[in-house]
Engineer: 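Structure provided below as structure tokens; questions to follow.
Order of the sequence lines sets the chain letters (A, B, ...), proteins ahead of strands, with each chain counted from 1.
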Number of protein chains: 2
Amino acid sequence: MPASRGLRGEARAKRAKAVAFAGGARAAPTIDDVAALAGVSVATVSRVVNEKALKRASPVTVAKVREAIAELDYRPLRAGRVLRTLKSHLVALLIPDITNAFYSAVAHSVELAVREIDYATILCNTDESPDLQDAYLNEMQSHLVRGVLLLGAVESPGLRRAAANRLPIVYMNRKAPPGLSGPFVGIDNYAAGQAVAVHFIRQRYERCGAIHGPLHSSASRERFEGYRDRLAGASVELAAADIRGGRLTIESGYSAAVELLDGGARPRAIFCANDAMAYGAYQRCRELGLKVPDEVALFGFDDNPLNQWLAPWLSTIHVPHDRFGPAVARMLCAISGQNGEETPHTILLPFRLVLRASA
Amino acid sequence: MPASRGLRGEARAKRAKAVAFAGGARAAPTIDDVAALAGVSVATVSRVVNEKALKRASPVTVAKVREAIAELDYRPLRAGRVLRTLKSHLVALLIPDITNAFYSAVAHSVELAVREIDYATILCNTDESPDLQDAYLNEMQSHLVRGVLLLGAVESPGLRRAAANRLPIVYMNRKAPPGLSGPFVGIDNYAAGQAVAVHFIRQRYERCGAIHGPLHSSASRERFEGYRDRLAGASVELAAADIRGGRLTIESGYSAAVELLDGGARPRAIFCANDAMAYGAYQRCRELGLKVPDEVALFGFDDNPLNQWLAPWLSTIHVPHDRFGPAVARMLCAISGQNGEETPHTILLPFRLVLRASA
DNA sequence: TAGTCTTAGGTAAACGTTTACCCTGGCGCC
DNA sequence: GGCGCCAGGGTAAACGTTTACCTAAGACTA
């Protein structure tokens with residue numbers, strides 16, 4: 001039925017003419033324009049563009065099409081492709097706070113790795129808020145994202161709904177909330193907590209303290225539990241009075257330290273849930289004139305790249321932020337390529353103790 | 001012609017049946033499903049969804065539609081809308097390095113503000129590379145982004161092409177490269193550089209130095225020139241020997257400081273192009289046993305939020321990162337709403353000197 | 001009462017792709 | 001010579017929306 005073909009052709013011709021007359025911004029060329037210029041059908045152009053079924057076109061045809069594409073500076077519109085295939089080339093990165101050095105390092109790694117497999121990253125700051133997380137989860141579904149990279153998941157109704165809808169979610173750093181499950185990439189926080197305890201034990205610190213993060217976060221909880229359990233196993237004192245908790249911010253670390261260091265007797269070493277909290281604790285130590293680490297040793301978590309320059313007094317757990325990206329990329333590939341290869345359920349990254357002792 | 005209607009209906013019915021049998025993941029509901037359930041036409045559903053021409057539906061119809069939407073958990077697919085309107089709800093944020101504290105603070109602000117006007121942000125790390133910048137520029141055009149927020153533009157052929165294609169670009173922090181123009185949001189770097197000079201003059205520092213950034217970046221260049229010119233105006237010495245340049249990294253700042261502080265005589269104060277470079281310079285001072293700021297005063301730029309805690313010795317220019325987002329949002333609105341309101345060509349944000357002097 | 005306006009809503013085309021299917025001509029095989 | 005097969009490529013439907021246009025029925029006016 002050439003009617004349809006004719007209509008299309010006409011519409012295009014009209015537009016081309018309008019452009020010629022108006023002399024304004026050139027309307028973006030479509031696949032039809034390319035087909036017309038190359039003297040082939042749109043199907044052929046599509047095949048060339050997608051390098052798919054390329055054997056179905058003779059070399060000379062391919063060349064003609066390529067030439068036309070170059071001449072028109074043709075770029076296939078994503079929306080058309082998405083609508084047709086019902087698959088986008090987008091992933092969403094949900095992140096508590098891009099301002100946090102550790103998270104932004106992970107974001108960097110993710111963006112790089114994901115781009116390599118030809119996806120674009122939508123940045124979503126959740127601010128640890130369940131409502132925001134849900135809003136994003138909803139919106140991302142309507143974008144047909146290929147995956148949601150959930151860095152620092154929090155419990156929320158929308159998360160359960162999304163999981164029920166089979167939205168492909170990869171949990172990063174923090175495992176899925178209780179009752180849910182899904183692929184995870186991150187370190188073994190429990191083991192890391194234990195490692196800190198072992199270090200403290202080796203140092204013969206007799207009285208140890210802890211400033212832990214929110215215990216609803218598996219990451220915070222496990223690193224604290226590993227630390228606590230290992231210490232208990234070695235009969236090193238971790239008194240309730242030497243434990244404080246808070247949010248993973250500098251201010252929160254400061255407040256906790258204010259309480260922890262008020263009396264005469266104080267812990268010889270404190271394990272903080274992340275570097276930021278350790279910075280806050282450090283501030284308090286300085287106010288009290290306590291030398292770090294000689295009088296009070298602080299141990300952080302994440303290893304902010306700035307530590308080397310600005311916090312040479314801080315020992316910490318190095319989390320390999322640059323390996324998050326490749327790991328999630330692997331998972332994304334496994335998820336979309338349903339070809340047998342099972343999606344790995346967990347990718348555990350190695351961590352490393354970084355010991356610093358400068359004044 | 002009910003044939004078309006019938007076809008659609010049939011297709012849907014088939015799918016629904018398939019789902020019922022397979023019991024697998026429910027296919028996402030479409031606008032047709034909603035229309036069918038509510039007993040109205042798709043046009044009506046669309047009107048309700050878009051709150052557009054809402055007066056064209058009676059309250060009872062609107063209620064019916066809303067109910068159906070809720071029951072089906074319907075979320076309109078972006079791709080359909082984009083294809084039809086040829087407008088997306090996406091903006092691209094091109095950023096040299098999300099890992100840099102200043103840039104990530106700006107990214108945070110942008111994401112927040114842009115989300116408020118219902119856009120999603122695509123994160124693109126350019127790493128200051130012209131090639132990467134061009135690759136992104138291309139890709140973003142095919143995404144039909146509503147705007148490209150170009151933080152730290154670098155010269156590149158693709159940038160010129162994109163500008164010629166009328167891609168709406170907002171230059172942030174760094175102005176458009178020579179020969180190009182476009183809306184800009186950022187501070188008056190020249191004035192900021194002058195302000196630092198004025199401060200040094202007031203402090204009666206007699207010998208001043210500078211570690212500047214890449215001079216092809218308008219931001220780096222202007223802040224250096226403002227500083228240099230103002231110093232010259234007050235006949236304060238800024239000898240060529242006391243000037244070094246480099247990339248905006250800690251390591252680069254360190255190297256520059258190594259050269260600047262090697263001899264016996266040395267500048268009393270050094271203006272660094274950003275905080276990171278100042279951190280590097282600080283490290284060198286410590287190695288040389290020089291007290292900061294008592295023996296060597298360091299001045300940075302950007303005001304990393306960590307400074308307060310980790311670098312109390314660093315005076316700096318506070319750049320209001322949280323105001324970038326609202327500013328670009330305003331520009332984006334002006335760009336898309338072609339209704340008379342001219343796009344402001346420049347939004348200058350206020351800066352502020354932050355003076356710190358702790359040991 | 002005929003004409004005009006408004007209100008409420010339906011119809012179908014169009015956006016740019018991809019891809020299942022169809023077609024045609026040439027070649028090898030029996 | 002009839003047959004199947006393959007390579008190369010075209011046709012048109014379909015993806016889910018939005019929206020210009022159409023319609024029908026009531027309300028108002030002259």
Side-chain angles (χ1 to χ4, degrees), chain A residues 1-12 14-15 27-36 38-62 64-65 74-89 142-144, chain B residues 1-12 14-15 27-36 38-62 64-65 74-89 142-144:
Chain A
M1 204 174 294
S4 160
R5 187 100 212 284
L7 238 104
R8 276 218 162 190
E10 254 176 63
R12 294 226 167 281
K14 200 174 58 182
R15 178 157 66 159
T30 72
I31 198 173
D32 300 78
D33 300 326
V34 177
V40 300
S41 77
V42 293
T44 304
V45 176
S46 177
R47 289 194 269 255
V48 171
V49 167
N50 293 300
E51 316 248 324
K52 210 182 215 167
L54 239 193
K55 53 201 157 196
R56 290 203 35 189
S58 71
V60 43
T61 308
V62 171
K64 268 193 306 183
V65 172
Y74 166 70
R75 253 180 301 274
L77 210 58
R78 303 301 222 204
R81 186 185 309 214
V82 171
L83 187 52
R84 177 61 226 254
T85 61
L86 292 184
K87 285 182 187 347
S88 81
H89 267 42
S142 84
H143 277 291
L144 276 182
Chain B
M1 204 173 295
S4 161
R5 188 105 212 282
L7 239 105
R8 275 219 160 188
E10 252 177 63
R12 296 228 165 280
K14 198 175 61 181
R15 178 156 66 159
T30 73
I31 199 173
D32 300 78
D33 300 326
V34 176
V40 299
S41 78
V42 293
T44 304
V45 175
S46 177
R47 288 193 270 255
V48 171
V49 166
N50 293 301
E51 317 247 324
K52 210 181 213 167
L54 239 193
K55 52 200 159 197
R56 291 203 36 189
S58 72
V60 42
T61 308
V62 171
K64 267 193 308 185
V65 172
Y74 166 70
R75 255 180 301 275
L77 210 58
R78 301 301 229 221
R81 186 184 309 213
V82 171
L83 189 52
R84 177 62 228 253
T85 62
L86 291 184
K87 284 181 189 344
S88 81
H89 267 42
S142 85
H143 277 291
L144 275 184

Engineer: Round to the nearest Å and state the distance from Arg75(A) atom CZ to dT17(C) atom C1'.
Structural biologist: 16 Å
Engineer: In whole Å, I'd like the distance from the NZ atom of Lys87(B) to the C1' atom of dG16(C).
Structural biologist: 16 Å
Engineer: Let me know the distance between CG of Leu77(B) and P of dG16(C), rounded to the nearest Å.
Structural biologist: 18 Å
Engineer: By nearest heavy atom, map Gly80(B) and Thr44(A) onto DNA chain C; which one lands nearer the 5' end?
Structural biologist: Gly80(B)
Engineer: Touch check for Ser46(A), heavy atoms < 4.0 angstrom, all strands: base, sugar-phosphate only, or nothing?
Structural biologist: base
Engineer: Between Asn50(B) and Arg47(B), is there a donor-acceptor pair closer than 3.5 Å when you use the side chain of the first and the backbone of the second?
Structural biologist: no
Engineer: Without decimals, in angstroms, what is the distance between Asp32(B) CG and dT11(C) C1'?
Structural biologist: 13 Å
Engineer: Specify the closest pair of heavy atoms between Ala38(B) and Val65(B), including all atoms of both residues, with the distance to one decimal.
Structural biologist: CB-CA, 4.0 Å
Engineer: Could you work out which one of dG8(D), dC15(D), dT11(C) sits closest to the side chain of Ser58(A)?
Structural biologist: dG8(D)
Engineer: What's the closest nucleotide to the side chain of Val40(A) if the choices are dG10(C), dT17(D), dG10(D)?
Structural biologist: dG10(D)
Engineer: Side chain of Arg81(A) only, heavy atoms from C-beta on: which candidate in dT17(C), dG16(C), dG10(C) is closest?
Structural biologist: dT17(C)
Engineer: Just jot down the side-chain contact (heavy atoms from CB on, under 4.5 Å) partners of Val82(B), sequence neighbours excluded, or say none.
Structural biologist: Ala79(A), Ser88(B), Leu144(B)
Engineer: Tell me what Arg47(B) touches on the nucleic acid: a base, only sugar-phosphate, or nothing, going by heavy atoms under 4.0 Å.
Structural biologist: base
Engineer: Considering just the side-chain nitrogens and oxygens of Thr30(A), establish if one lies under 4.0 Å of OP1 or OP2 belonging to dC15(C).
Structural biologist: no
Engineer: For Thr85(B) and dT19(D), is the shortest distance between a side-chain N/O and OP1 or OP2 below 4.0 Å?
Structural biologist: no
Engineer: One pair to check against side-chain contact (heavy atoms from CB on, under 4.5 Å): Tyr74(B) and Ile31(B). What are the steps and the verdict?
Structural biologist: CA-CA 8 Å; Tyr74(B) 166 70; Ile31(B) 199 173; 3.5 Å; yes
Engineer: Tell me which nucleotide among dT11(C), dT17(D), dT17(C) gets nearest to the side chain of Ile31(B).
Structural biologist: dT17(D)
Engineer: Judged by each residue's nearest nucleotide on DNA chain C, which is more toward the 5′ side, Asn50(A) or Val60(B)?
Structural biologist: Val60(B)
Engineer: Is the side chain of Thr85(B) donor-acceptor paired with the backbone N or O of Arg81(B) at a distance under 3.5 Å, no angle test?
Structural biologist: yes
Engineer: Just the rounded figure in Å: distance from P of dT17(D) to CZ of Arg78(A).
Structural biologist: 21 Å
Engineer: With sugar-phosphate meaning primed atoms plus P, OP1 and OP2, does Ala57(B) contact a base, only sugar-phosphate, or nothing at under 4.0 Å between heavy atoms?
Structural biologist: sugar-phosphate
Engineer: From dT17(D), dG9(D), dG16(C), pick the nucleotide closest to the side chain of Thr61(A)?
Structural biologist: dG9(D)
Engineer: Measure from CG on Leu86(A) to P on dG16(C) and round the result to the nearest Å.
Structural biologist: 18 Å
Engineer: Measure from the side-chain heavy atoms of Leu83(A) and tell me the nearest of dT17(C), dG16(D), dT19(C).
Structural biologist: dG16(D)
